[in-house]
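Structure, as structure tokens:
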Amino acid sequence: MAVPALARPGADDPSDDDAAGADLHGASPRSWRRAFGDIRQAIAQRELWGHLGWQDIKQRYRRSTIGPLWITISMAVTAAALGGLYSQLFGQPIGTFMPYVTVGFMIWYFISACVLEGTETFIANEGLIRFLPAPLMIYVFRTVWRQVLFFAHNVVVYLIVLAIFFGQLDEPYRMINKLSDGTPGILHPGLSWTALLAIPAFVVIVANGLWVTLLFGIIATRFRDIPPVVSSFMQLFFTMTPIIWTPDLLAGGAPGSTKALVEQLARLNPFYHFIEIFRAPLVGQVQSWTHWAVVGVITVVGWALALIALRNYRSRVAYWV
């Protein structure tokens, strides 16, 4: 059996084009045909990146007794500790605050991991990119698929919390009885079949994780200062995003006050909208379609930028790493 020769790093599969010898005639690698061909080939090779994602998790817990269950335990300890602490500090009922914090951490871990590990996607796969003639998107799918597997482990924590506090979430409730201006807090409808909206919400979040990983991965491969800068900003966004605190705490502030200003800044935070489309249905809170509109715009714009980056710089990544 003849063994195919190994292509040079960053080279394209000639089958991507109608004319197999296009590269030989100096055709520009910057074309939409090649960019979308890269995505199609990566999807077709889903067994490869799916296997690599599984191996990443197995390798991380290779000599551990309970293996990937440490993911679930870590999530459970964090949610229990911070949920219990901040429910007392903010005067919130633990029966509704604990699920709120748990789901917030679940989806924040996924989003932040896509951003942080996305900047390292191509750098971490330097050896494969240099010597394996594979589509660039395979490494993007590998990174996001690994985070989906981590997320699946964390869902177990939510199911346990839901079983414990289902009685408090199954009926209308308020996170805060009275706002700072004396008016009643926001009345949430409680759990219902709208919880199923979390499924399409997670699909949308995964789609955004793909473009974030692709775009940030290409930029960070060229400019190596990007990963630590992004890491610093993610810590800032964590404190500004309603994960261990609720927007109800800021509601009711007088116009022009510090509380009102912080509330407006929180609503301008893009992570807030992504978290809310997923968390609100799972904890029986009011679902605002404004969050979906903002997420939709970010998704379209983000993918447009990512595709432009893939079209213009995919052939250079192998040399940048």
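The structure displayed is predicted, hence computed values, not measured ones. Hydrogens, waters and symmetry mates are skipped; everything else that's a heavy atom, side chains included, is used. Numbers here simply count residues along the sequence, with the first being 1.
- Formation of a donor-acceptor pair under 3.5 Å by the D38 side chain with backbone atoms of L136 is found in this model.
- When the options V295, I199, I298 are evaluated for a side-chain contact (heavy atoms from CB on, under 4.5 Å) with V204, the one that passes is V295.
- Between the side chain of T119 and the main chain of F216, no donor-acceptor pair closer than 3.5 Å is present.
- Residues M137 and I43 share a hydrophobic cluster, clusters being chains of Ile/Leu/Val/Met/Phe/Trp/Tyr side chains in contact below 4.5 Å.
- H188 and V286 make their closest contact through ND1-N, 3.3 Å (heavy atoms, listed as atom of the first residue, atom of the second, distance).
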Starting from the C-alpha separation in whole Å, work towards a yes-or-no answer on side-chain contact (heavy atoms from CB on, under 4.5 Å) for L82 and F105. CA-CA 10 Å; L82 295 182; F105 270 115; 3.2 Å; yes

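- Aromatic pair F278/F151: ring centres closer than 6.0 Å.
- Residues V283 and Y272 are members of separate hydrophobic clusters, defined by side-chain heavy-atom contacts under 4.5 angstrom among Ile, Leu, Val, Met, Phe, Trp and Tyr.
- With hydrogens and angles disregarded, no donor-acceptor distance shorter than 3.5 Å links the side chain of T246 to the backbone of P242.
- A donor-acceptor pair is defined here as one N or O able to donate and one able to accept, closer than 3.5 Å; such a pair exists between the side chain of T221 and the backbone of G217.
- Side chain of W145 to main chain of G50: a donor-acceptor pair is present (N/O by atom type, distance under 3.5 Å, no hydrogens or angles).
- Between L197 and P281, the closest heavy-atom pair is CB-CG, 4.0 Å.
- Within 6.0 Å of atom OH in Y158, more than 12 heavy atoms from other residues, nucleotides or ligands are found, so the atom counts as buried in its surroundings.
- Side-chain atoms of T194 and Q287 include no donor-acceptor pair closer than 3.5 Å.
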Going through the distances and angles, do E276 and Q285 end up as a side-chain contact (heavy atoms from CB on, under 4.5 Å)? CA-CA 9 Å; E276 279 302 299; Q285 291 192 346; 4.2 Å; yes

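- Residues L310 and I39 form a side-chain contact, since some pair of their non-hydrogen atoms from C-beta on lies under 4.5 Å apart.
- Taken to the nearest 0.5 Å, the NE2 atom of H273 stands 8.5 Å off from the OG1 atom of T290.
- I219 and I123 fall into different hydrophobic clusters, where Ile, Leu, Val, Met, Phe, Trp and Tyr side chains are chained together by heavy-atom contacts under 4.5 Å.
- Scanning all heavy atoms of the two residues, the minimum distance from T241 to F271 falls at OG1-CB, 3.9 Å.
- The shortest distance between side-chain heavy atoms of W49 and V140 does not fall below 4.5 Å.
- When side chains are defined from C-beta on, P184 counts as touching R174, because their heavy atoms get closer than 4.5 Å.
- Atoms CD1 and CD1, from I205 and I107 in turn, are 3.5 Å apart once rounded to the nearest 0.5 Å.
- Considering every non-hydrogen atom in both V161 and M98, the closest pair reads CG1-CG, 4.1 Å.
- In this structure, the side chain of W245 does not engage the main chain of F90 through any donor-acceptor pair within 3.5 Å.
- A pairwise comparison of heavy atoms in A318 and I129 identifies CA-CG2, 3.8 Å as the closest pair.
- T121 and T213 are not linked by any side-chain donor-acceptor pair at a separation below 3.5 angstrom, with hydrogens and angles left out of the test.
- Here the side chains of F122 and L128 are not in contact, with every heavy-atom distance at 4.5 Å or above.
- Here the side chains of E120 and E117 are not in contact, with every heavy-atom distance at 4.5 Å or above.
- From R222, atom CZ reaches atom CZ of R316 across 9.0 Å, with rounding to the nearest 0.5 Å.
- Looking only at side-chain heavy atoms (C-beta outward), M106 and V155 come within less than 4.5 Å of each other.
- Rounding to the nearest 0.5 angstrom, the gap separating the CD1 atom in I111 from the CZ atom in F274 is 7.0 Å.
- Shown here is W32, whose CH2 atom has more than 12 heavy atoms of other residues, nucleotides or ligands within 6.0 Å.
- Of all heavy-atom pairs spanning P99 and I94, the tightest one is CD-O, 4.0 Å.
- Rounded to the nearest 0.5 angstrom, F237 CZ and I243 CD1 are separated by 11.5 Å.
- For residues 94-115, every residue pair satisfying the side-chain hydrogen bond (donor to acceptor under 3.5 Å, both in side chains) rule, not counting sequence neighbours, is listed here: Y100-R279.
- Residue-environment remark: CZ (R46) stays at or below the threshold of 12 foreign heavy atoms within 6.0 Å.
- The same ILVMFWY cluster, assembled from side-chain heavy atoms under 4.5 Å apart, contains both F166 and Y173.
- The cluster map of Ile, Leu, Val, Met, Phe, Trp and Tyr, joined by side-chain heavy atoms under 4.5 Å apart, puts F238 and L89 in the same cluster.
- Remark: L282 CG to L162 CG distance equals 8.5 Å, nearest 0.5 Å.
- The shortest side-chain heavy-atom distance between M175 and F97 falls under the 4.5 Å cut-off.
- Counting heavy atoms from C-beta outward, L52 and Y139 have side chains that stay 4.5 Å or more apart.
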